[in-house]
Amino acid sequence: MTLLLFTAGFAAALLAGVYLPFQGWTLYAGLGLLAVWLGLTLIKRATNPRRVLLGMGLALLWLTAYGAVFHAPAEALENRTVRLQAVVEDWPEATDYGLRIPVRAGEEDGRKVKALFYGEADLAGLRPGDTLACVACCTPANRVRGEESLYNTSRGILLHIQSYGEVTVTRAQGIPPRYALTILAGSVRDRIDQLYPADQAAFLKALLTGDKSGLSDSLTHSFNRVGLGHVVVISGLHVTFLLGLLSFFIKPKGKLSLLVLLAALIAFSVMTGNAPGTVRAVVLSGVMLLGQYLGRDSHPMAALSLGLLVLLTANPYAIANPGLQFSFLATAGIFLWSQPWTARWLKGVPKRYRKRAAPLLSLLAVSLGSMVLTVPLSALYFGRFSLLAPLSNLLTGWAVSLAFAGGMLSLPLSVLVPPLGHAAAGLVGLPIRFVLWYAEKAGRLSLAALTMDSGYFALWAGFVYLILCLYLFVPVKGKRPIVPVCACVVTLCLSAVLTVQTARRSDLTVTVLDVGQGQSVVLTSGNTTALVDCGGTKAPGDTAATCLQSVGKGTLDLLVLTHFHEDHAGGVPELMGRVRVKAMALPDVDRDSPLRREIEALAKDQGTEVHYITETTQVALEKAVLTLHPPLSGSRETNEQCLALVCTSGDWDALITGDMPREEEQRLAARGILPDAELLVAGHHGSKYSTSQELLEAVRPEWAVISVGYNTYGHPAQETLDRLAALDITCYRTDQRGSVTLYANRQEDG
């Protein structure tokens with residue numbers, strides 16, 4: 001209890017110290033809390049509060065000292081261009097613009113700090129332990145995509161480094177002991193690539209080493225939707241698998257075997273990057289093994305508290321790491337509820353079936369226990385949570401464990417006896433294929449994950465938590481889960497029906513999705529749905545598919561692409577992997593575009609009708625009409641070859657122009673074919689070269705929506721915002737408000 005209370009105070013104080021925007025208060029608050037603790041100790045009062053106060057006071061003092069010792073050298077380099085030396089700490093990672101390399105860097109005679117080094121592709125051959133020297137610009141690592149973020153700081157990364165000019169590389173002699181395990185992890189990944197097909201290798205590298213770079217975005221999103229995201233993120237699950245595998249060969253009875261097991265667990269943690277969940281699991285396993293060796297029982301919550309203290313002592317800012325938060329809350333939920341639930345459920349099973357039912361019920365209890373405290377976190381960070389997670393764990397747990405154990409055994413076999421290694425890889429491929437198949441198929445289900453964008457689903461989640469709290473904490477004898485479970489199922493069905501009906505309640509619903517720097521617009525009229533564009537920097541295919549599936553749409557009636565740039569069409573492949581597209585409307589431009597060819601091939605495979613818009617075309621959307629205007633210019637510039645769209649319901653109109661520049665907007669307005677529009681989706685994400693004065697005066701919209709995210713182009717431009725404001729046009733931005741939905745009810749004559 002002492003350790004638990006101390007850790008609770010320690011963690012709570014760090015949460016306040018890290019997240020509160022105020023500066024300089026942690027030292028004085030820490031001293032004040034310790035003074036209160038000392039006073040209570042002297043008078044021997046309030047034992048439990050004293051333990052919490054001690055943890056809080058020490059946490060705030062440690063946070064202050066950590067900043068002074070470790071952050072100060074990084075702050076001295078921020079926003080400066082200096083000559084740096086850096087030691088490569090991990091393997092280079094490919095990005096869209098070159099390489100990202102984890103390093104420890106600083107000026108020649110200065111202290112070195114953890115940083116991310118961005119360089120050209122010719123540095124791909126770097127290995128951990130190599131040294132770099134160059135002139136570089138250093139910027140704070142606490143900004144991610146233009147926004148303040150604690151993500152890198154929580155991982156101990158304090159700087160972003162962009163090299164200028166020549167980079168001098170000094171190769172490490174031999175294998176530096178400090179980086180031996182990291183180099184071994186790279187060799188393991190290479191061996192996996194040699195043994196397994198590409199899709200299986202990508203999964204196995206994530207499962208065994210935490211390297212998710214080979215997983216497609218589509219597959220990653222499917223894993224998250226069905227509740228298997230934890231499988232491809234190294235965590236306590238993997239440590240449990242490893243410990244189980246090692247226990248077949250090593251029994252922790254003697255001192256030597258105990259040391260071997262502990263060394264193996266620590267080595268695995270280092271090889272996979274010392275993720276919070278892994279460190280936590282290693283501490284828990286170590287305490288358990290030591291308890292067995294000494295013949296003493298270990299308290300799981302005390303061991304969990306010790307693991308948290310280890311991580312927060314190493315880096316107090318780790319309290320803001322989502323992986324740490326998910327890991328510890330999930331484990332706490334398992335410790336608190338999985339065993340009582342399993343025991344209670346087994347009582348309802350006939351005795352002759354209990355032995356068979358126990359593993360399944362235990363796995364279900366573990367899965368549900370891990371969700372109790374983490375679902376709110378999922379909703380907070382991702383705006384959704386997986387409804388399929390318990391079922392997914394039941395159906396795939398055996399396959400994941402076999403893939404882990406088999407993958408681990410196949411690697412040394414392939415070195416010692418290559419034919420046996422290849423044969424083992426063939427067998428291991430069977431459970432891997434099952435997991436991949438399940439994630440792909442189950443990820444297409446409409447209610448695989450619930451999005452909090454729907455108010456009804458958010459209300460349902462609150463109702464479920466109310467029921468859960470009543471079930472857990474109200475002291476009633478003979479509790480039976482059947483009534484609350486039925487209540488949750490019925491209200492879920494009601495939420496789904498209401499969500500669908502809300503989407504269809506107006507003659508036309510226009511939803512401009514938040515896809516980052518890109519565009520994707522959903523048009524719903526009755527039972528008919530069209531999507532205009534599907535591209536952006538925030539999982540556009542996943543976002544669009546989730547939006548459609550949340551209202552019960554597994555089929556998209558029409559997909560319209562204004563042009564073939566990534567920020568307007570890059571998400572189409574993932575979208576078509578999740579929902580069936582009946583028909584497409586495309587501009588007949590950019591015939592050599594690789595993205596156009598890929599989309600056309602997918603349409604052919606799926607049996608999608610493809611219509612190239614070369615003249616003004618009208619499409620009926622049940623209670624609305626979509627008018628498609630072909631590109632007006634013969635220019636070879638893609639932005640000048642955009643389709644323009646007007647969606648009309650009665651006397652309510654919405655205009656979408658893609659990335660059409662000012663000159664094309666003027667040509668379109670001059671033809672006199674545009675109506676007075678209620679809604680304008682601003683052109684080119686609010687660029688100053690679009691949404692021209694001539695267009696605005698021609699259509700006089702009441703509302704404008706700018707689909708925009710973090711970018712380096714200056715979108716939306718102040719000139720555009722000023723033009724909209726001057727005409728009293730109400731403006732919404734997806735980067736500020738998230739997805740924006742407008743409803744139009746057709747007004748009948750008379």
Side-chain angles (χ1 to χ4, degrees), residues 192 196-212 214-245 272 277-278 281 326-327 330-331 333-334 338 341-342 356-371 374-375 378 382 384-410 424-450 542 577-578:
I192 291 173
Y196 292 87
D199 58 339
Q200 297 177 27
F203 173 78
L204 200 57
K205 284 190 290 185
L207 183 66
L208 299 184
T209 71
D211 177 15
K212 298 196 297 180
L215 295 175
S216 67
D217 289 342
S218 176
L219 183 58
T220 301
H221 295 148
S222 293
F223 273 111
N224 291 332
R225 277 180 58 77
V226 302
L228 293 178
H230 62 284
V231 170
V232 291
V233 176
I234 297 295
S235 65
L237 174 72
H238 303 74
V239 174
T240 302
F241 286 157
L242 179 62
L243 188 58
L245 178 62
T272 55
T278 315
F326 275 101
S327 174
T331 306
I334 292 170
S338 63
W341 285 352
T342 303
R356 296 178 182 176
L360 292 177
L361 291 178
S362 177
L363 183 57
L364 179 61
V366 167
S367 182
L368 290 173
S370 69
M371 293 178 66
T374 57
V375 164
S378 295
F382 310 117
R384 68 177 75 170
F385 65 91
S386 175
L387 199 61
L388 272 186
L391 180 63
S392 298
N393 289 322
L394 280 175
L395 294 178
T396 64
W398 65 271
V400 173
S401 60
L402 284 179
F404 185 93
M408 279 288 189
L409 293 173
S410 69
L427 292 175
V428 175
L430 297 176
I432 293 177
R433 285 201 294 270
F434 173 76
V435 175
L436 298 178
W437 172 84
Y438 174 83
E440 179 186 357
K441 298 301 181 183
R444 295 179 181 178
L445 298 176
S446 294
L447 294 181
L450 296 186
D542 178 62
R578 289 263 299 277

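All residue numbers refer to positions in the sequence shown, counting from 1. Predicted model, so just to flag it, every value in this text is computed and none were measured. Note: hydrogens, waters and symmetry copies are ignored here, and every other heavy atom, side chains too, is used.
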*Asks:* Can you give me the closest heavy-atom contact between S392 and V226, atom names plus distance?
*Replies:* OG-O, 2.5 Å
*Asks:* Would you mind telling me which of V400, T396, L395 makes a side-chain contact (heavy atoms from CB on, under 4.5 Å) with L228?
*Replies:* T396
*Asks:* S222 and A439: which non-hydrogen atoms are nearest, and at how many Å?
*Replies:* CB-O, 3.4 Å
*Asks:* Write down the atom of S327, the atom of G277, and the distance for their closest heavy-atom approach.
*Replies:* OG-CA, 3.2 Å
*Asks:* Which distance, rounded to the nearest 0.5 Å, do you find between the CD of E440 and the CG of D199?
*Replies:* 10.5 Å
*Asks:* Please lay out, stage by stage, how N224 and F385 fare under the test side chain to side chain contact (heavy atoms under 4.5 Å, CB included).
*Replies:* CA-CA 8 Å; N224 291 332; F385 65 91; over 6 Å; no
*Asks:* Where is the tightest heavy-atom contact between A389 and G227, given as atom of each residue plus distance?
*Replies:* CB-CA, 3.9 Å
*Asks:* Looking only at non-hydrogen atoms, find the nearest pair between G236 and A281 and report the distance.
*Replies:* CA-CB, 3.3 Å
*Asks:* Could you tell me the separation between the OG atom of S216 and the NE2 atom of H221, rounded to the nearest 0.5 Å?
*Replies:* 9.0 Å
*Asks:* Can you give me every donor-acceptor pair (side chain of residues 360-371, partner residue at least two apart or in another chain, under 3.5 Å) with its distance?
*Replies:*
| residue | atom | partner | partner atom | Å |
| --- | --- | --- | --- | --- |
| S367 | OG | N393 | ND2 | 2.8 |
| S370 | OG | V366 | O | 3.4 |
| S370 | OG | S367 | O | 2.7 |

*Asks:* Could you tell me the separation between the CG atom of L204 and the CD1 atom of I192, rounded to the nearest 0.5 Å?
*Replies:* 4.5 Å
*Asks:* Go through the steps to decide whether L242 and M408 satisfy the test side chain to side chain contact (heavy atoms under 4.5 Å, CB included), and finish with yes or no.
*Replies:* CA-CA 9 Å; L242 179 62; M408 279 288 189; 4.2 Å; yes
*Asks:* Kindly assign one of parallel, tilted or perpendicular to the pair F382 and F326, based on the angle between their ring planes and the thresholds 30° and 60°.
*Replies:* parallel
*Asks:* If every non-hydrogen atom of I234 is compared with every non-hydrogen atom of T209, which pair is closest and at what distance?
*Replies:* CG1-C, 3.9 Å
*Asks:* For F404, does its backbone N or O pair with a side-chain atom of H238 as donor and acceptor, under 3.5 Å?
*Replies:* no
*Asks:* Got a second to check how far R384's CZ is from L450's CG, nearest 0.5 Å?
*Replies:* 10.5 Å
*Asks:* For a salt bridge (Lys or Arg N to Asp or Glu O under 4.0 Å) check, start with the C-alpha distance between R225 and D542, then their side-chain angles and the critical distance, and finish with the verdict.
*Replies:* CA-CA 10 Å; R225 277 180 58 77; D542 178 62; 5.1 Å; no
*Asks:* Are Y438 and F223 close enough, and set up right, to give a side chain to side chain contact (heavy atoms under 4.5 Å, CB included), and what steps lead you there?
*Replies:* CA-CA 9 Å; Y438 174 83; F223 273 111; over 6 Å; no
*Asks:* V232 versus L207: any side-chain heavy-atom pair under 4.5 Å?
*Replies:* no
*Asks:* Could you walk me through whether F203 and L208 satisfy the side chain to side chain contact (heavy atoms under 4.5 Å, CB included) test, starting with their C-alpha distance in whole Å, then the side-chain angles of each, then the deciding distance to 0.1 Å, before giving a yes or no?
*Replies:* CA-CA 9 Å; F203 173 78; L208 299 184; over 6 Å; no
*Asks:* Going from CG on L409 to CG on L245, what distance comes out if it is rounded to the nearest 0.5 angstrom?
*Replies:* 5.0 Å
